[in-house]
There are 2 protein chains.
Amino acid sequence: MGQPTTLKSISSLLNISVSTVSRALKNHPDISEKTKKKVQELAAMMDYEPNAHAISLRTNTSKIIGLIVPALSNYFYTSVLTTLEDESRKHGYTLLTLQSGDDTNIELQNLKLCRINHIAGLFIAISPETKNIDPFLKIEKNGVPVIFFDKVPEAENCNKVRMADEEAARMAAEAIQKSKRKKVLALFGNKEFSITKKRSKSFTEYLQKNVPEVNVILSFVSSTQEAVTETEKEIIHHNPDAVFCMSDEILTGAMKAIKKLKITVPQKIAVIAISNGFIPQLFDPEITYIETSGMELGKLAFSRMINYFKGQTSVQELIVPSRYVKGESI
Amino acid sequence: MGQPTTLKSISSLLNISVSTVSRALKNHPDISEKTKKKVQELAAMMDYEPNAHAISLRTNTSKIIGLIVPALSNYFYTSVLTTLEDESRKHGYTLLTLQSGDDTNIELQNLKLCRINHIAGLFIAISPETKNIDPFLKIEKNGVPVIFFDKVPEAENCNKVRMADEEAARMAAEAIQKSKRKKVLALFGNKEFSITKKRSKSFTEYLQKNVPEVNVILSFVSSTQEAVTETEKEIIHHNPDAVFCMSDEILTGAMKAIKKLKITVPQKIAVIAISNGFIPQLFDPEITYIETSGMELGKLAFSRMINYFKGQTSVQELIVPSRYVKGESI
DNA sequence: ACGGATTTCGCAAACGTTTGCGAAAATGAT
DNA sequence: ATCATTTTCGCAAACGTTTGCGAAATCCGT
């Protein structure tokens, strides 16, 4: 049980004060080169590592940045997390990742964990049921930046970073336009989410305006399983020649139905999706999709955080552009 | 910028000492019911939340448990993480999740982060290249339990929790035996990993002993892409009637090749895999697999940690059993 | 050698909490 | 009312660090 070395243990070995050791280790100009050298060498020898808790307590700031997401089983969040963790490490911060499992109570518990650990900043993708974002905004009163991402709230008094939902949906609609398909089954997620609203609105409006002859079958589902049954039903009843899926979960379900019915893609039916970029490549043929890159979002969100640290605290809404990834399904 | 409430602010409002407030809040018997009530009510009103850093500093223990994994893009690790996070929360701990991205240096950086945050315990799945586990074992000298999981080192002086690799491979071999297939393409991962050794040894030994007439084509690949080309090559050259894949990455590659060659599963070729349980269900037909459950591993690992906290510090190697999940591919 | 300027360092308080110990207050028995 | 218990509380130190301020030490020019 060797006690970890502290400023005190170094100072007593060298017969100098704790404060001198502290300053010597951070190259304070008040300390002579000679003692600096002495101290730094001994510290290195003894594997000195500062106690993060003591520093946080003393300075009332920590090097921990909180990240709260609904669930990491979602590949998109994993890629955001990975990027944020990378950037955090490079900037000397530690990312505290917390999953709320789509549970509002756990989400609040996680927020509390962030508070008692006195995080320096917070990234949060709220869970679908979260209506009241006041608890999150509250910590901003203490000078802790809060950046909502992906599933951003509708409120205007908060910082947001999100995907270009309208643009992505429009790009998918354009692809359908070019493919000359005329009867589209458009599958969206939970009708309540703002992301669903934005995507469905943009998608249908583009088609109505630019290709009015296209027949759009709108459908909203809340799970992969629901997507399976819904797709199956719609294909049998209306025989669409194209399917649009607004997410990976929905795409997974739709493809299950299409394979079950043994319909060939893209000959009999074209498929296009909005995706985080992993699932579409698992299918044969590979699915064409509009990529919403978690990495890009992570990078943008982190730079926003850094700017906030630097004083740029006025609210902003940042938007990450989408990308068309060609597959063989349309 | 409202300052957070502290023991001191409560104590001065109530004209009692800080120590009394501290004790009152944790129901210390020395404090009268009357003052307890006063204190607890005011604390609740003022949203008092203890400062984790101060507590850690004072008690020299934290409620943070470290978790270091190679990468969360691996679904298995995500499910382990989720379980560990759940359990941690339920036991009053916070999980500090860190990815090393298969980079030994980052892995050591992450270990350092754990140290300076004075974690209460550490779960670690070492990255493939990690040879020297001494740095990890070192913190155990300070009384911090270290539990290796999944990719456990060969060394014997450490606590391990891992999947039943031999058993899983044997179960797959049994399934092939029952299917009466006679020429098996067996795809394994990087030959250097102990997990690969265990699985390939167990797999081939079972077949040699129990079904000597089966012809096994052994193959080791290091990436999904390599699995694609290798499978393609072997199918063309040797025309196997069954494929075994030891992981999801390999399964993904093998299926790509099989689909490309338009070979029907399971009629022309049977497929069976060892998997973490998400990928196999994406294919048509759904792939039969031996599940290595990250959730089960997480639960076992966490209970091991708790027992260590309770004083059970002697080294153990715990093994999580596997499960046969029937699909339509064999 | 002397005074002043400058370099180099230490003292002490502070961050918020826990806890051993002793003291004050309340209680009980006589 | 007195004394011995018991209950109830406060003092003070400690965890490891940072930092304003003042003091000692060294330097320089004359």
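Here is how names work: the chains are called A, B, and so on, in the same order as the sequence lines, proteins then strands, and each is numbered from 1.
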Problem - Atom-pair distance (CG on Leu57(B); C1' on dC15(D)), nearest Å - result: 4 Å
Completion exercise
Distance col, row Thr78(A):OG1 vs Glu85(A):CD, nearest 0.5 angstrom, shows 11.0 Å
Handout entry: Length of the line joining His28(A):NE2 and dT7(C):C1', which is rounded to integer Å
Key = 13 Å
Fill in the blank from the handout: Per side-chain contact (heavy atoms from CB on, under 4.5 Å), Arg162(A) is matched among Asp150(A), Leu318(A), Val152(A) by Val152(A)
Problem - N or O in side chain of Thr35(A) less than 4.0 angstrom from dC9(C) OP1/OP2 - result: yes
Practice task
Answer yes or no: is there an ion pair linking Lys36(B) with Glu33(B), defined by an N-O contact shorter than 4.0 Å?
Solution key: yes
Problem - Residues in contact with DNA chain C, drawn from residues 44-55 of chain B - heavy-atom cutoff 4.0 Å - result: Tyr48(B), Pro50(B), Asn51(B), Ala54(B), Ile55(B)
Handout entry: Out of dT17(C), dT8(D), dT19(D), whichever nucleotide has its closest atom nearest the side chain of Ser22(A)
Key = dT19(D)
Distances under 3.5 Å between nitrogen or oxygen atoms of protein and nucleotides 21-27 of chain D:
none

Practice task
Round to the nearest Å and state the distance from Asn60(A) atom CG to dA13(C) atom P.
Solution key: 21 Å
Exercise for the section: Please say whether more than 12 non-hydrogen atoms of neighbouring residues, nucleotides or ligands are located less than 6.0 Å from CD in Gln312(B). Expected result: yes
Exercise for the section: Measure from CG on Asn15(A) to P on dC9(C) and round the result to the nearest Å. Expected result: 14 Å
Exercise for the section: Specify the separation, in whole Å, of atom NE2 of His118(A) and atom C1' of dT17(C). Expected result: 11 Å
Exercise for the section: Round to a whole Å and report the spacing from NZ of Lys26(A) to C1' of dG16(D). Expected result: 11 Å
Practice task
Name the closest nucleotide to the Ser19(A) side chain, picking from dA12(C), dC9(D), dC15(C).
Solution key: dA12(C)
Fill in the blank from the handout: Checking dT17(D), dC15(C), dC9(C) against the side chain of Lys8(B) (C-beta onward), the nearest is dC15(C)
Exercise for the section: Return the value, rounded to whole Å, for the distance between atom CD1 of Ile16(B) and atom P of dA25(C). Expected result: 16 Å
Practice task
Please check the phosphate of dG10(C) (OP1 and OP2 only) for any side-chain N or O of Ser17(A) closer than 4.0 Å.
Solution key: yes
Completion exercise
Only one of Ile147(B), Ile319(B), Val161(B) passes side-chain contact (heavy atoms from CB on, under 4.5 Å) with Leu300(B), and that residue is Val161(B)
Exercise for the section: Examine the side chains of Arg304(A) and Gln316(A) and answer whether a donor and an acceptor come within less than 3.5 Å of each other. Expected result: yes
Exercise for the section: Check whether more than 12 heavy atoms from other residues, nucleotides or ligands sit under 6.0 Å from atom NZ of Lys138(B), and answer yes or no. Expected result: no
Exercise for the section: Report, as yes or no, whether the 6.0 Å neighbourhood of atom NZ on Lys299(A) holds more than 12 heavy atoms from other residues, nucleotides or ligands. Expected result: no
Handout entry: side-chain N/O Ser56(A) vs dT17(D) OP1/OP2, d < 4.0 Å
Key = no
Problem - Residue met sooner reading DNA chain C from 5', once Thr20(B) and Val21(A) are mapped to nucleotides - result: Val21(A)
Completion exercise
Per atom distances to the Val18(A) side chain, the nearest of dT17(D), dC9(C), dG16(C) is dT17(D)
Exercise for the section: Could you tell me the separation between the CZ atom of Phe193(A) and the CD1 atom of Ile126(A), rounded to the nearest 0.5 Å? Expected result: 9.5 Å
Handout entry: OH-OG1 distance between Tyr75(B) and Thr82(B), expressed to the nearest 0.5 angstrom
Key = 8.0 Å
Completion exercise
Atom CD1 of Ile31(B) and atom C1' of dT6(D) are separated, to the nearest Å, by 15 Å
